[in-house]
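Residues take their numbers from the sequence shown, with the count starting at 1.
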Amino acid sequence: QVQLVESGGGLVLPGGSLKLSCAASLRTSSNYAMAWFRQAPGKEREFVSAIRWSGGSTLYADSVKGRFTLSRDKVKNTMTLEMNSLRPEDSAVYYCAAAYGLIWSSLGLGNQYGYWGQGTQVTVSS
């Protein structure tokens, strides 16, 4: 059974940092990609960041560029999102997603991902 398991969410003060991880039981390949999406109450799901497994190329939403860093560990089959300078508007449930065969222009499209985790809550508040 395919599983994506997120960890690392929690409550943090504005300006603080958190690290989210996603462990995948999927078999990776040269065209495999993983991503983070988030959804705040009353809002649509939005793209945060994605990474191509082969080569490690990353893509970021403008709202997180320069603050978030995405990386992957090919041995452990995990993806890690380091979030710095967090803002209240970053509060959301963060979802890990995975897909095969995505072209670069599709990495930010949630409907292109076939595998999803259960989500982890991130709350940025004083």
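Rounded to the nearest 0.5 Å, atoms CD1 (Ile51) and CH2 (Trp36) are 12.0 Å apart. Here CD1 of Ile103 is found 8.0 Å from CD of Gln112. Values are rounded to the nearest 0.5 Å. Here the straight-line distance linking atom OG of Ser49 with atom CE of Met83 works out to 11.5 Å at 0.5 Å rounding. The structure places CZ of Arg38 at 13.5 Å from CZ of Arg45, a figure rounded to the nearest 0.5 Å. Atom CZ of residue Arg72 and atom CG of residue Asn77 lie 11.0 Å apart, to the nearest 0.5 angstrom. A distance of 8.0 Å separates CZ of Phe68 from CG of Leu20, quoted to the nearest 0.5 Å.
The two atoms that bring Gly10 and Leu18 nearest to each other are O-CD1, 3.9 Å, heavy atoms only. The heavy-atom pair separating Cys22 from Leu4 by the smallest distance is SG-CB, 4.0 Å. Considering every non-hydrogen atom in both Thr69 and Tyr60, the closest pair reads CA-OH, 3.4 Å. For the residue pair Met34 and Ala98, the shortest heavy atom distance occurs at CG-CB, 4.1 Å.
At least one donor-acceptor pair closer than 3.5 Å links the side chain of Ser25 to the backbone N or O of Gln3. The backbone N or O of Gln118 sits less than 3.5 Å from a side-chain atom of Glu6, completing a donor-acceptor pair. Remark: side-chain polar atoms of Asp73 are not paired, donor with acceptor, to backbone N or O of Thr78 under 3.5 angstrom.
Hydrophobic cluster membership for Leu59: Phe37, Phe47, Val93, Tyr95, Leu102, Trp104, Leu107, Tyr113, Trp116 (Ile, Leu, Val, Met, Phe, Trp, Tyr linked by side-chain heavy atoms under 4.5 Å, directly or transitively).
Shown here is Lys43, whose NZ atom has no more than 12 heavy atoms of other residues, nucleotides or ligands within 6.0 Å. Other residues, nucleotides and ligands contribute more than 12 heavy atoms inside 6.0 Å of the CD atom of Glu89.
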Would you tabulate the side-chain donor-acceptor contacts of residues 119-126 under 3.5 Å, counting partners in other chains and residues two or more places apart, or write 'none'?
{"from": "Thr120", "atom 1": "OG1", "to": "Gly9", "atom 2": "N", "distance (Å)": "3.3"}
{"from": "Gln121", "atom 1": "NE2", "to": "Ala92", "atom 2": "O", "distance (Å)": "3.4"}
{"from": "Gln121", "atom 1": "NE2", "to": "Thr123", "atom 2": "OG1", "distance (Å)": "3.4"}

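Salt-bridge annotation for Asp90 and Arg87: absent, with no side-chain N of the basic residue lying under 4.0 Å from a carboxylate O of the acidic one.
By the 30° and 60° cut-offs, the orientation of the rings of Tyr32 relative to Trp53 is perpendicular.
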